Peer 1: 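Take a look at this one; I'll ask things after.
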Amino acid sequence: MDERLKANLDAWNMMAGIHAASREYRLAEFRAGENVLKPIELREVGDVRGKSLLHMQCHFGLDSMSWARTGANVTGVDFSDNAIALARSISAELKIPARFLQSNIYDAPDVLHDQFDIVFTSYGALCWLPDIKRWAEIAASFVKPGGFFYMAEFHPLTQMSANHAGTTKLEFVISYFHTAMREDPPGPDYSDRTKIVPETHEWMYRLSDVVSALAAAGLRIEYLHEFAGCIYQHFPFMQQENDGLWQIEGDPIPTIFSIKARKPLTEQR
Ligand SMILES: C[S@@+](CC[C@H](N)C(=O)[O-])C[C@H]1O[C@@H](n2cnc3c(N)ncnc32)[C@H](O)[C@@H]1O
């Protein structure tokens, strides 16, 4: 495995345990029967009863098992062995049927030979991927003809502005066109700031990179949606609204986007 991905894997193996113990990931609520998916994907993916669903980069599986709770036959893939071990143990403990596979997403076609009605990925997945075109080809290869790919992800505009404590307004510090790899030095984990995670390597993609990669992989884009409200307080100056989402006053930028893209019944490439 690429050295940068190896370093990310070490960090994610540490983060799996930190996140499972954090309030942010809501494991206690999940154990009590709650669905931890966000309203955006629940509404946009719609009825999954009886459908096969692949969750790419499933972390320790709470979103995957929430889809299982709503009726999907779920497979989750993640490269973190700690995350997959946790997902399997929660699945066994709560008797939620789901299959979890440990694999680098770029090697997933070697270990997973099925196709799915729905291929899903969400929040915080893209920035770990060094090759967006290959990622899109792999995602598309897992969609059954007639099925769809869906993603909900943080908007690249949120990555351009400083968000450290004390920031009071949007301050663009990175160009939207700066897509080179970034090294994130060791620092506090985002869900538990008392825990320090090691250096990671991250990539930023423009919306055009994502849409073009999916289209080039043979998927037909049904929509690209942009949302002002964020699922967590990304900037210290965000306010939480009644719907639970975090807004910047005046909604100056989108903070989340979603894409639905369908695989044609016959290949049209
Ligand atoms: C922010 S989390 C995604 C969280 C997700 N929204 C959820 O269900 O909780 C990012 C995940 O990507 C995984 N990941 C990062 N790089 C990967 C790779 N190359 N292959 C597979 N998984 C990877 C990490 O292990 C981590 O679980």
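Numbering of ligands and ligand atoms starts at 1, following listing order. Here the structure is a predicted model, which means the values were calculated and not measured. Heavy atoms only: backbone and side chains are in, while hydrogens, waters and symmetry mates are out.
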Peer 1: Walk me through whether T200 and N8 qualify under side chain to side chain donor-acceptor pair (under 3.5 Å).
Peer 2: CA-CA 5 Å; T200 55; N8 286 351; 4.7 Å; no

Peer 1: With clusters built from Ile, Leu, Val, Met, Phe, Trp and Tyr whose side-chain heavy atoms come within less than 4.5 Å, directly or transitively, what are the remaining members of the cluster of I196, listed by chain and number?
Peer 2: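 Its cluster partners, ordered by chain and number, are none at all.
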
Peer 1: Would you say the ring centers of H59 and W12 fall short of 6.0 Å from each other?
Peer 2: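 Yes, the ring of H59 comes within the 6.0 Å limit of the ring of W12, centre to centre.
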
Peer 1: For this output row, return yes or no: ring centroids of Y25 and F60 closer than 6.0 angstrom.
Peer 2: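 Yes, close enough.
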
Peer 1: Linking Ile, Leu, Val, Met, Phe, Trp and Tyr by side-chain heavy atoms under 4.5 Å, what else ends up with L53?
Peer 2: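 L53 clusters with L37, I40, L42, V45, V48, W67, V74, I118, F120, Y123, F148, Y150, F154, Y223, F227, I231, Y232, L245, I256.
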
Peer 1: Enumerate the residue pairs fulfilling salt bridge (charged side-chain N to carboxylate O under 4.0 Å, His left out) with a member in residues 83-94, sequence neighbours excluded, ordered by first and then second residue.
Peer 2: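 Residue pairs passing salt bridge (charged side-chain N to carboxylate O under 4.0 Å, His left out), neighbours aside: R31-E93.
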
Peer 1: I need the contact residues for ligand 1: any residue with a non-hydrogen atom closer than 4.0 Å to the ligand, ordered by chain then number.
Peer 2: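 Lining ligand 1: W12, Y25, H55, Q57, C58, H59, D63, D78, F79, S80, S103, N104, I105, S122, Y123, G124, W128, Y190.
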
